[in-house]
Amino acid sequence: MGLLEKFVTEESIFTKERDALRSSYLPERLLHRDEQLDRIAGILSSAVRGAAPSNVIFYGKTGTGKTASARFMQKEMLSTTTPVPVKYIYINCEITDTPYGVMQNICSSVLEGSKQTPPPSSGLSIEKLYEILVGFLKENRHILIVVLDEVDRLVEKNGNDILYPLSRINEDLVKGSSVSLIAIANDLHFTERLDARVLSSFSGERILFPPYTSTELKNILRDRAKLAFKEGAVSEGIISLCATLGAQEHGDARRVLDLLRVAGEIADRSGEKIIREEHVYKAKQTIESDCISEAIRTLPHQSKIVMLAILLRCCGTLQTTTGELYATYKALCNHTGLTPLTQRRVTDLITDLEGLGLIQTNVRSMGRGGRTRFMHACIPFEDALSVIEEDDLFKNLKIRKLFQAKLF
DNA sequence: CCTCCACCGGAACTTACGGAGT
DNA sequence: ACTCCGTAAGTTCCGGTGGAGG
């Protein structure tokens with residue numbers, strides 16, 4: 001029997017619908033989001049009548065159904081006949097995080113199916129792209145609904161550079177064409193960073209997505225489990241365990257679904273017919289350590305060295321300061337042949353590492369001793385070290401020997 | 001109350017790069 | 001061949017800043 005064959009012949013606990021446990025899966029109906037969907041439908045309904053819907057902000061923490069709701073409305077919208085053609089454009093600003101990228105994305109979607117060639121991925125000015133878009137919308141009546149997911153990222157990086165022109169674009173358009181924005185933000189204080197002029201274009205249309213309660217999470221899990229697993233594979237106890245284990249801090253449906261899916265995969269691989277508690281605990285561990293390894297592995301070289309320096313420094317003393325760290329960092333650069341960055345730049349890398357959850361920092365004043373950032377790694381030393389060692393950059397560097405010899 | 005340390009962190013500027021248009 | 005464009009990464013400059021010690 002071939003290596004893969006046994007996985008085909010062997011009975012799986014999954015049905016063909018195992019994707020129902022992925023956060024990208026769009027169910028027939030979204031549980032516990034009726035109120036939000038009603039309001040969104042109310043706002044977007046003007047598009048169905050051929051008028052411009054107002055701009056709207058969705059806000060709420062991760063895994064509260066914001067993206068799913070936006071996608072859900074997209075499906076609804078596309079299955080409705082409208083007097084004016086409606087284009088629904090989804091942009092994830094985590095991926096497309098530059099003003100040019102957003103503008104190019106919109107233009108390409110709008111020009112899709114027309115004779116005009118879509119604008120290139122670079123080379124033109126943003127004003128040019130704006131002209132292309134306005135020009136097309138003036139000649140062809142269209143209602144555009146642009147979803148900007150993770151918009152916080154875009155605003156954090158570029159301020160109101162792109163949101164401002166987009167929220168004002170209707171002033172340059174003729175009757176019949178319009179552009180409406182759906183901004184999706186994780187940060188509840190997102191609006192504070194917005195320009196007053198941009199904010200006013202959202203005129204109070206804000207929809208809050210509160211965290212799911214544990215009962216709601218269980219309903220969602222049960223709903224999806226029914227699709228993804230064969231009957232009897234998941235007990236009520238497992239549903240409850242996933243709901244509590246996966247959502248300690250807030251009701252994040254994504255994480256809870258991931259947990260059940262991975263637990264299912266673990267059970268499946270060990271050839272069991274039902275998911276047991278130990279599979280869920282194992283899944284939680286797997287997900288966590290995979291996250292950390294992936295975060296470290298994808299770090300750029302310079303950040304890896306900074307991370308390594310923190311690990312080495314913290315191993316003996318539990319925490320370290322920027323000054324100490326920078327000295328170690330420079331020593332490591334010497335050993336690896338990389339040119340060290342300035343301390344200013346390194347502090348930014350430290351901030352990045354904290355953002356990834358790999359380290360924790362806090363600034364503290366020591367009076368005459370100055371003010372500095374104290375930091376410590378919040379991941380297991382050995383795990384992190386072995387991931388870093390995989391990098392070719394450190395092939396010739398005997399990290400462990402250096403560490404023992406205290407060469408930095 | 002003032003000083004002064006050792007950094008923090010905002011902002012502007014520089015460099016490098018890939019691509020477009022002419 | 002040359003200029004212009006946007007973006008990413010990094011540098012330079014510099015005005016803070018919390019609180020122990022004088």
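All chains are named by letter (A, B, ...) in the order of the sequence lines, taking the proteins before the strands, and each is independently numbered beginning at 1. Scope of the values below: all heavy atoms of this structure, side chains included, with no hydrogens, waters or symmetry mates.
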message: Donor-acceptor pair, distance only, cut-off 3.5 Å: does the side chain of A/Asp252 make one with the backbone of A/Arg255?
response: yes
- prompt: Out of B/dC7, C/dG6, B/dG9, which has the shortest distance to the side chain of A/Tyr100?
  reply: C/dG6
query: Do any N or O atoms from the side chain of A/Tyr88 and from the backbone of A/Met73 form a donor-acceptor pair under 3.5 angstrom?
result: no
query: Whole-Å distance between B/dG21 P and A/Glu127 CD?
result: 15 Å
query: Relative to A/Tyr90, does A/Arg71 satisfy both conditions: NZ or CZ under 6.0 angstrom from the six-membered ring centre, and within 45 degrees of the ring's axis?
result: yes
- line: Among C/dT7, C/dG10, B/dC7, the one nearest any side-chain atom of A/Ile126 is C/dT7
- line: Taken to the nearest whole Å, CG/A/Asn158 to P/C/dA9 is 13 Å
query: Does a nitrogen or oxygen in the side chain of A/Thr322 sit under 4.0 Å from OP1 or OP2 of B/dC8?
result: yes
query: At under 4.0 Å, does any side-chain N or O of A/Thr98 touch on OP1 or OP2 of C/dT7?
result: yes
Sugar-phosphate, base or nothing in reach of A/Asp97, heavy atoms under 4.0 Å: sugar-phosphate
A/Glu139 atom CD, over 12 foreign heavy atoms within 6.0 Å: no
query: Centre of A/Phe209's six-membered ring, under 6.0 Å away, within 45 degrees of the axis: is that where NZ or CZ of A/Arg33 sits?
result: no
Heavy-atom donor-acceptor pair, A/Arg368 side-chain to C/dG18 base, under 3.5 Å: no
message: Would you say A/Arg345 places a side-chain N or O within less than 4.0 Å of OP1 or OP2 belonging to C/dG10?
response: yes
message: Any base atoms under 4.0 Å from A/Pro99, or only sugar-phosphate, or nothing? Heavy atoms, all strands.
response: sugar-phosphate
statement: To the nearest angstrom, the CZ-C1' distance between A/Arg364 and B/dC5 comes to 16 Å
- request: May I have the distance from A/Leu349 (atom CG) to B/dG9 (atom P), rounded to whole angstrom?
  value: 14 Å
field: Side-chain N or O of A/Thr342 closer than 4.0 Å to phosphate OP1/OP2 of C/dG10
entry: no
query: Parallel, tilted or perpendicular for A/His142 and A/Phe136, by the 30°/60° rule?
result: parallel
Nearest-Å distance for atom pair CZ/P, residues A/Arg344 and C/dA9: 15 Å
query: Between A/Lys128 and B/dA20, does any side-chain N or O lie under 4.0 Å from OP1 or OP2?
result: no
- prompt: Nearest to the side chain of A/Pro120 - B/dC8, B/dG10, B/dA20?
  reply: B/dA20
query: Taking CE from A/Met375 and C1' from B/dC8, how many angstroms apart are they, rounded to a whole number?
result: 11 Å
statement: Taking C/dG10, B/dG21, C/dA8 as options, the one with an atom nearest any side-chain atom of A/Leu124 is B/dG21
statement: Among the nucleotides C/dT7, C/dA8, C/dG10, whichever has the atom closest to the side chain of A/Leu341 is C/dG10
- request: Answer with base, sugar-phosphate or nothing: what part of the nucleic acid does A/Arg373 contact at a heavy-atom distance below 4.0 Å?
  value: sugar-phosphate
- prompt: Just how far, in rounded Å, is P of B/dA11 from NZ of A/Lys157?
  reply: 17 Å
- line: When rounded to whole Å, the CG to P distance for the pair A/Asp348 and B/dC7 reads 16 Å
